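Quick notes on the structure that follows.
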Amino acid sequence: MRGDNRFNCNHLAAWTSMSKTPADKQATLAEARTRIDSIDQQLQSLISERARWAQQVGRAKGPLKAAVEYYRPEREAQVLRGVIDRNDGPLPNAELVRLFREIMSSCLSQQQPLKIGFLGPEGTFSEQAVRKHFGHAAYGLPLGSIEEVFQEVAAGNADFGVVPVENSGQGMIQMTLDMFLVSKATICGEVELRVHQNLLSLSGELKDVKRIYSHPQSLQQCQGWLRVNLPNVERVPVSSNAEAARTARLSPESAAIAGETAGRVYGLKTVAGPIEDRSDNTTRFLVIGRSIFPASGNDRTSLLVSVRDKPGALYDVLSPLARHGISMNRIESRPAHTGKWQYAFFIDVSGHVDDEAVQAALEEMKPAAADVRVLGSYPVALP
């Protein structure tokens, strides 16, 4: 658990008074700065007190073995939803969620920083998803492949992992789905990251680009822009966008398609950007771990279902969801790796596995399916 966020009445009154914008007069610059300094002092005091209460939560739980045992994603989601519910501006919800996420991340790291595996090297969109979900106090563990992320989580070398699963334009990441067929990892959370692709190079000049490195997904996301602006340039797929940036820095004729973070990390200039073809380009990531956590109040459950080879098999499996009023958010099929022309279905539904309706639907599904596995129940992604 990341700490108790309840303040006493005096602190709540102080927080309320500091959030009010002066309405009776126009403040001078000096008055505004003095007021900001006063608010900063109060904020620092309250954050320090929150950290002390987080320590009390740790003591109340007793001598746990590792940081992962203090982490409660359902409690964190509830706290952040409260932040959104209380927000009356001027900061947008996403900014307030980011600020509170960092506070909680720092408080949890008093016990021991979480170790989070992700597709490396440093500077990938996967690392950005790690920071968005776990904050900057978590320890990021860059790995060479999605498969390695699953392996390190299973071995206990990483507390959690963050892997891409779906892009709004290009669809599902098949490698991630296939890993669930052979791994016992559970899904503990999801992150939605708005992805901006940029063309990066040493010179920053379009005329110098003779070769482009990028992840295959990113090449697909930018194929319209590339067709118009660099139709004859060689395109070289690599394991990640950060790896593309790291490779491009070795040659003045090379460029990479990657995020701004990768450009800063590897000393590249922006040639053009954003260059993605869709203005809503978003990637969904999954947080994987080794446990299923309790319900947060607004959850999603992911299922892996294998069906028998008979007419109406999929209908028989899905119809209990409708009977129990459960919304199906997504369904995707993949070869099951158990035999030729056999398939498994990845299904996302609304609700938590502990919900009465979900439990009843699962009980009805099992006789109709060859196998039903709950991959995880987790809070729906926040802004």
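The structure displayed is predicted, hence computed values, not measured ones. Note that the numbering runs from 1 along the sequence shown for the chain.
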Could you go through the side chain to side chain donor-acceptor pair (under 3.5 Å) check for Q197 and Q221 one step at a time? CA-CA 8 Å; Q197 304 284 7; Q221 292 168 23; 2.9 Å; yes
Any donor and acceptor pair, going by atom type alone, linking the side chain of [X] with main-chain N or O of [Y] inside 3.5 Å?
| X | Y | answer |
| --- | --- | --- |
| R373 | L303 | no |
| D159 | K115 | yes |
| S203 | E205 | yes |
| R308 | A369 | yes |
| N167 | Q217 | no |
| D355 | H352 | yes |
| T124 | A242 | no |
| S291 | F293 | no |
| S168 | T282 | yes |

Give the ring-plane orientation class for F180 versus F150, where under 30° counts as parallel, over 60° as perpendicular and anything between as tilted.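 F180 vs F150 ring planes: perpendicular.
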Tell me whether [Y] is reachable from [X] by hopping between hydrophobic residues (I, L, V, M, F, W, Y) whose side-chain heavy atoms are closer than 4.5 Å.
| X | Y | value |
| --- | --- | --- |
| I116 | Y139 | no |
| L230 | L202 | no |
| V191 | L141 | no |
| I292 | V372 | yes |
| L321 | V305 | yes |

Taking every non-hydrogen atom, the tightest pair across [X] and [Y]:
| X | Y | value |
| --- | --- | --- |
| V153 | F160 | CG2-C, 3.5 Å |
| A361 | I326 | CB-CD1, 3.6 Å |
| F118 | S126 | CB-CB, 4.1 Å |
| A138 | S105 | N-OG, 3.7 Å |
| V83 | L96 | CG1-CB, 3.8 Å |
| Q359 | V353 | NE2-O, 2.9 Å |

Indicate yes or no: at least one non-hydrogen side-chain atom of [X] is less than 4.5 angstrom from one of [Y].
| X | Y | result |
| --- | --- | --- |
| L99 | L91 | yes |
| L226 | R235 | yes |
| Y378 | S302 | yes |
| H324 | E364 | yes |
| E122 | R246 | no |
| I331 | L314 | yes |
| L119 | L143 | no |
| Y266 | P121 | yes |

Between [X] and [Y], is any side-chain donor less than 3.5 angstrom from a side-chain acceptor?
| X | Y | result |
| --- | --- | --- |
| N157 | E152 | yes |
| D299 | S296 | yes |
| N241 | S214 | yes |
| N198 | T270 | no |
| E260 | H196 | no |

Is the [atom1] atom of [X] crowded by more than 12 outside heavy atoms at less than 6.0 Å?
| X | atom1 | value |
| --- | --- | --- |
| D309 | CG | no |
| R290 | CZ | yes |
| K269 | NZ | no |
| Q151 | CD | yes |

Cationic N near anionic O, under 4.0 Å, D348 to R284: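 Salt bridge present between D348 and R284.
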Is E49 salt-bridged to R52, going by a charged N under 4.0 Å from an acidic O?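 Salt bridge: no.
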Determine, step by step, whether R101 and E76 satisfy the salt bridge (charged side-chain N to carboxylate O under 4.0 Å, His left out) criterion, reporting the C-alpha distance in whole Å, the side-chain angles of both residues, the deciding distance to 0.1 Å, and the verdict. CA-CA 8 Å; R101 180 88 71 182; E76 182 178 278; 2.2 Å; yes
Residues in salt bridge (charged side-chain N to carboxylate O under 4.0 Å, His left out) with E234, at least two apart?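 With sequence neighbours excluded, E234 shows a salt bridge (charged side-chain N to carboxylate O under 4.0 Å, His left out) to R211, given in chain and number order.
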Just to verify, what does M172 make a side chain to side chain contact (heavy atoms under 4.5 Å, CB included) with, not counting sequence neighbours?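 Residues passing side chain to side chain contact (heavy atoms under 4.5 Å, CB included) with M172: V165, E166, Q174, L177, R330, E332.
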Are F134 and Y71 an aromatic pair by the rule of ring centers under 6.0 Å?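 Yes, they do, as the ring centres are separated by less than 6.0 Å.
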Test side chain to side chain donor-acceptor pair (under 3.5 Å) on N329 and S350 and set out the steps. CA-CA 7 Å; N329 311 126; S350 296; 3.2 Å; yes
